[in-house]
Amino acid sequence: MSHLDVDIPEEELLKMVGGNKKMTFEIISRYYSKENNRVDYYNNFEKYFKDIPINYFELLNDGVVDFLKWLTENNFRIALASSGSLEKIEDVLKQCEIKDYFELIVSGDMFKQSKPHPEIYQTVSKLLNIPVDECLVIEDSNYGIESSTRAGMFTIAKKEERFPFSQDKAQKIVNTFAEIRHFLEFESSSKK
């Protein structure tokens, strides 16, 4: 927004992280009144970033590919539930070459209410035919953690240094994906 001379306080910008386009536009429209139409705003957004592509591979968390491989090799069912648009999700997965690991991909744009509403996670549970109390969610954002815990799912928060998220509502907080793997290995061995 700075190229339009629009100043949005940092605490308001942080509210956008983990939200969907509708939520983001609601915040932006409080500070920028020229774009009174969400579609116009996002068309201008796309034009602005057309020649400044985001390299999602550079943003990929260390260890996530190895973790996804391990989950697949150990017959875990993997779904992706993101508040982002399906187009953005597809772009990220393609750049990072990880789409094939996911049995199900769900976008927040498919729902009336985005995270922190629990509907997205409840829907994943139904589509995979797995009870919510048997699902494990890995999240980082405030909205995501609230959404999955409200859905009744065990939630592990992966620490995120780029944003000052409050992850206190998660049942477990970890620094790395290797820690999640060790947790899952311990849990499965203790159930035998």
Problem set entry | Glu97 CD: over 12 foreign heavy atoms closer than 6.0 Å | no
Problem set entry | Glu119/Lys112 salt bridge by N-O under 4.0 Å criterion | no
For this session: Starting at CG of Leu86, measure out to CG of Asp109 and round the result to the nearest 0.5 Å.
Result: 8.0 Å
Problem set entry | Ring centroid separation Phe76 to Trp70 under 6.0 Å | yes
For this session: Given side-chain hydrogen bond (donor to acceptor under 3.5 Å, both in side chains), test Thr155 with Thr149 step by step and report yes or no.
Result: CA-CA 6 Å; Thr155 304; Thr149 56; 5.4 Å; no
For this session: Salt-bridge test for Lys115 and Glu139: reply yes if a basic N is under 4.0 Å from a carboxylate O, no otherwise.
Result: yes
Exercise. Do other residues, nucleotides or ligands put more than 12 heavy atoms under 6.0 Å from Asp133 CG?
Worked result: yes
Problem set entry | Set of residues satisfying side-chain hydrogen bond (donor to acceptor under 3.5 Å, both in side chains) with respect to Asn55, sequence neighbours excluded | Glu58
For this session: Test Lys159 against every option in Val174, Ile173, Thr176, Asn61 by the side-chain contact (heavy atoms from CB on, under 4.5 Å) rule and name the one that passes.
Result: Ile173
For this session: Determine whether more than 12 heavy atoms belonging to other residues, nucleotides or ligands lie under 6.0 Å from atom CD of Glu11.
Result: yes
Exercise. Around Glu103, counting heavy atoms of other residues, nucleotides and ligands shown, do more than 12 lie under 6.0 Å from its CD?
Worked result: yes
Exercise. Mind checking what makes side chain to side chain contact (heavy atoms under 4.5 Å, CB included) contact with Glu73, not counting sequence neighbours?
Worked result: Lys69
Exercise. Given Phe183 and Phe154, is the ring-ring contact (aromatic ring centres under 6.0 Å, His included) satisfied, shown in steps?
Worked result: CA-CA 12 Å; Phe183 172 78; Phe154 188 89; 5.6 Å; yes
